[in-house]
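Protein chains get the first letters and strands the later ones, always in sequence-line order, with residue 1 at the start of each.
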Protein chains: 2
Amino acid sequence: MGKDSEKELVGVKEIARRANVSIATVDRVLHHRSGVSEKTKAKIQAIIEELDYKPNILARRLASKKVLHLAVLIPLVSQETDYWNAPLMGITQAEEEIASYGVKIHKYFFDLNDRSSFVEQANLIADSQCDGVLLAPMFIEESKSFIQSCISKDMPYVLINSDIPEQNSLCYIGPNLYASGYLAAHLSGFLLTETDQILIVNISKEIDNHHHLLRKEEGFREYFSVNKRANDIFKIDIRQTTYEYVKSSMQNALDNKNIKLIFVTNSRVSSVARFLEETNIHGIKVIGFDFLKDNIEFLKKGTIDFLICQKPIEQGYKGIMTLYNHLVFSQEVEKVYHMPIDIITKENYLYYRN
Amino acid sequence: MGKDSEKELVGVKEIARRANVSIATVDRVLHHRSGVSEKTKAKIQAIIEELDYKPNILARRLASKKVLHLAVLIPLVSQETDYWNAPLMGITQAEEEIASYGVKIHKYFFDLNDRSSFVEQANLIADSQCDGVLLAPMFIEESKSFIQSCISKDMPYVLINSDIPEQNSLCYIGPNLYASGYLAAHLSGFLLTETDQILIVNISKEIDNHHHLLRKEEGFREYFSVNKRANDIFKIDIRQTTYEYVKSSMQNALDNKNIKLIFVTNSRVSSVARFLEETNIHGIKVIGFDFLKDNIEFLKKGTIDFLICQKPIEQGYKGIMTLYNHLVFSQEVEKVYHMPIDIITKENYLYYRN
DNA sequence: GTTAACTTCGGTTACGTACACGAAACTAGT
DNA sequence: ACTAGTTTCGTGTACGTAACCGAAGTTAAC
């Protein structure tokens, strides 16, 4: 209750009246344009302060006919994994929401297994004259050089999904990889006894992605170290993503051991689950990542015990909105926006919103 | 790729030109106003179809100077529990977002321990001439009669936090209570052995709230029944919310038993945790609800093992936005929007967003 | 055929802001 | 004091839509 502050919404007109100037002059002050004497500028600014003037965004976007061009550079949605479909959905959703506010979004896709396609698309963006970029920096070196060209063009960019720190991006929106690995370990703790053995599985073709998976692994191991859990932790890197390859790799990895829990460091956990099912291996708990159709199927059946998810749709959505709010409202942004680390089980997946 | 459909955004002017009428006539058709012959109406509608005309929301809200009045009726944030601070934040956030779009939000608060205050505030809303209502129907009968008055005034309303089904509200936004109880049981399963005893704790003054807690309890019990878990499940209803009362009740409840897990059916779990800590009881796992400051403190220390949370901020935010989108864009809405059932632990609470 | 009443429609202004254009005021140089 | 140049400012139009007002056209009654 209390401070309702029923100030009748005032506009430039009222400011102009009070300052004995025209609205054009007020407009000049508002946009920090030249052509106003220091004296009147001060007077107008005082009145703006006093009235706590907030420009009418509606009228503003309507009057300014210029359109905002945003570019998006993310992996192509492949049949191999449809993870990137989620961020794309968020991006599309944001697009629909702000389309009528004069924002155009240009989408560029690259092949996760082909660095050159990334460079190619990045160059296209660099040439196109756009106002901001949303980028999934999957290839580290290539991303860095693209980022440099953005900086030189004074073009703001937002990173999603995986961070490249110490670049001065507008912000990073995505998971805290280390923390999500740590949480996975914590969940594992509930499923294990003192002597059970653990297998960490990294499945990824590109070395750069491996780099990201490593951070999860570190977090995972750290939990066991901090909590003085002495379970044996084995690890396997699988460098091909086809099921056949995963299968034979897993067979090797499980051989002669007594693994009780498998931690798959990314969304490819469904391959592992499929393997366990097909080879009729029971009694192994499985933890992995991402709310994908395949993964959910195995979660339902109980082959996968936990999925950790980090709101991929929202990552895309927030990425675009951050650019928009920054460019249109010059809103300040958090440098790092870590996504919540969501735990999905058989019992709550129905209610999960990516 | 593909269908870019670069239709230059057309407006009423273009439609008027093509139909050889004035924009005023097009406007009449768009708003289903009278004064247009069937013939020209048909012609104009055909053109609207053809061009897939989408009105410019900016210009629309700008030109129509009428403001939208939304009323909010939720519990007062008390020192007893600051749960309702969260939905209020979401409401305020939505308010800020759409304030410049000509929306005014009027907030009414009632005392959770005083039915008459609810009725009083509800009457105020009924008298005020507003365009939509966001309602937390904590008192069932009183809510029903308020809802009736809304319906008779043809005033859309949205329910949050707890549902009163079979009323034709615009929609319900909130948890699936049953499912969240079920999930709580599932999590409990990880923490228990076959023979461990369980205590369910309901803490609530008002009988109507109890009714909601009951649904969680049902879900909880159902899990154990479905999964043929034979653990003893005890239960206690605590009808005073002061710590002293909770303390003595808990002492009784734990007496002569060997409880290994406590499931508190609402956010008052911190009272129980405090009790366990103060009386130096260890070895009992605790599961409860809501991301509240007090609860998080105990989660950090390990006294509480799991918190289940259902995005209270978002409930408020979405509630307002749903009304807004429905009234302004006549957007259709899902009748039931169940919030995700989030699991919060010591390891991921830092990254949780209410 | 005149008047009245009603139907159908167009012209116009307004919403709050952006910006091009040109007018006034001031400065400096002669 | 007159001009040229510069600074400072106001007028006017545009954005796409809403809605008032009144002008045509149409119909009905005498």
Grab the N/O contacts between the protein and nucleotides 13-18 of chain C below 3.5 Å, and write none if there aren't any.
residue	atom	partner	partner atom	Å
dC15(C)	O2	Ala63(B)	N	3.3
dT17(C)	OP1	Tyr53(A)	OH	2.5
dT17(C)	OP1	Asn56(A)	N	3.2
dT17(C)	OP2	Val12(A)	N	2.7
dA18(C)	OP1	His31(A)	NE2	2.9
dA18(C)	OP1	Arg60(A)	NE	2.7
dA18(C)	OP1	Arg60(A)	NH2	3.4
dA18(C)	OP2	Asp27(A)	OD1	2.7
dA18(C)	OP2	His31(A)	NE2	2.8

Show every donor-acceptor pair shorter than 3.5 Å between a side-chain atom in residues 312-322 of chain A and any protein atom, with sequence neighbours excluded, or say none if there are none.
residue	atom	partner	partner atom	Å
Gln315(A)	OE1	Asn161(A)	N	3.3
Gln315(A)	NE2	Gln310(A)	O	2.8
Tyr317(A)	OH	Glu97(A)	OE1	2.6
Tyr317(A)	OH	Glu97(A)	OE2	3.4
Thr322(A)	OG1	Lys318(A)	O	2.6

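- Lys311(B) contributes no side-chain N or O that, together with a main-chain N or O of Pro175(B), makes up a donor-acceptor pair within less than 3.5 Å.
- Not counting sequence neighbours, Ser128(B) has no partner by the side-chain hydrogen bond (donor to acceptor under 3.5 Å, both in side chains) test.
- In terms of the ring-ring contact (aromatic ring centres under 6.0 Å, His included) criterion, Tyr53(B) has no residue partners (sequence neighbours excluded).
- Put simply, Ser37(B) has no side-chain N or O that comes within less than 4.0 Å of OP1 or OP2 on dT8(C).
- At distances below 3.5 Å, at least one donor-acceptor pair connects side-chain atoms of Asn56(B) with backbone N or O atoms of Ala59(B).
- Checked against salt bridge (Lys or Arg N to Asp or Glu O under 4.0 Å), Asp131(A) has no partners two or more places apart in sequence or in another chain.
- Nucleotides of DNA chain D with any atom under 4.0 Å from a heavy atom of chain B span, from 5' to 3', dC15(D) to dA19(D).
- Under the rule for a side-chain hydrogen bond (donor to acceptor under 3.5 Å, both in side chains), the partners of Lys54(A) that lie at least two apart in sequence or sit in another chain are Asp52(A).
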Review point. Going through the checks in order, is the side-chain contact (heavy atoms from CB on, under 4.5 Å) test met by Arg33(A) and Asp27(A)?
Key: CA-CA 8 Å; Arg33(A) 269 178 273 159; Asp27(A) 189 65; 2.4 Å; yes
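- Under the 4.5 Å side-chain criterion, counting only non-hydrogen atoms from C-beta, Phe110(A) is not in contact with Leu76(A).
- Between its two ends, the helix from dG1(C)-dC30(D) to dT30(C)-dA1(D) turns its axis by 60°, counting five pairs per end and rounding to 10 degrees.
- Using a distance-only test at 3.5 Å, with no hydrogens or angles considered, no donor-acceptor pair links the side chain of Tyr172(A) to the main chain of Val336(A).
- A search for ring-ring contact (aromatic ring centres under 6.0 Å, His included) contacts involving Tyr351(B) returns His338(A), not counting sequence neighbours.
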What donor-acceptor contacts under 3.5 angstrom involve side-chain atoms of residues 142-152 of chain B, with partners at least two apart or in another chain?
residue	atom	partner	partner atom	Å
Glu142(B)	OE2	Arg115(B)	NE	2.9
Ser143(B)	OG	Phe139(B)	O	2.5
Ser145(B)	OG	Glu142(B)	O	3.2
Ser149(B)	OG	Phe146(B)	O	2.9
Ser152(B)	OG	Ser149(B)	O	2.8

Distances for protein N/O vs nucleotides 21-24 of chain C N/O pairs under 3.5 angstrom?
none

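- Using a 4.0 Å heavy-atom criterion, one finds that Thr40(A) contacts the sugar-phosphate atoms exclusively.
- For Arg18(B), the side-chain hydrogen bond (donor to acceptor under 3.5 Å, both in side chains) partners two or more places apart in sequence, or in a different chain, are Glu14(B).
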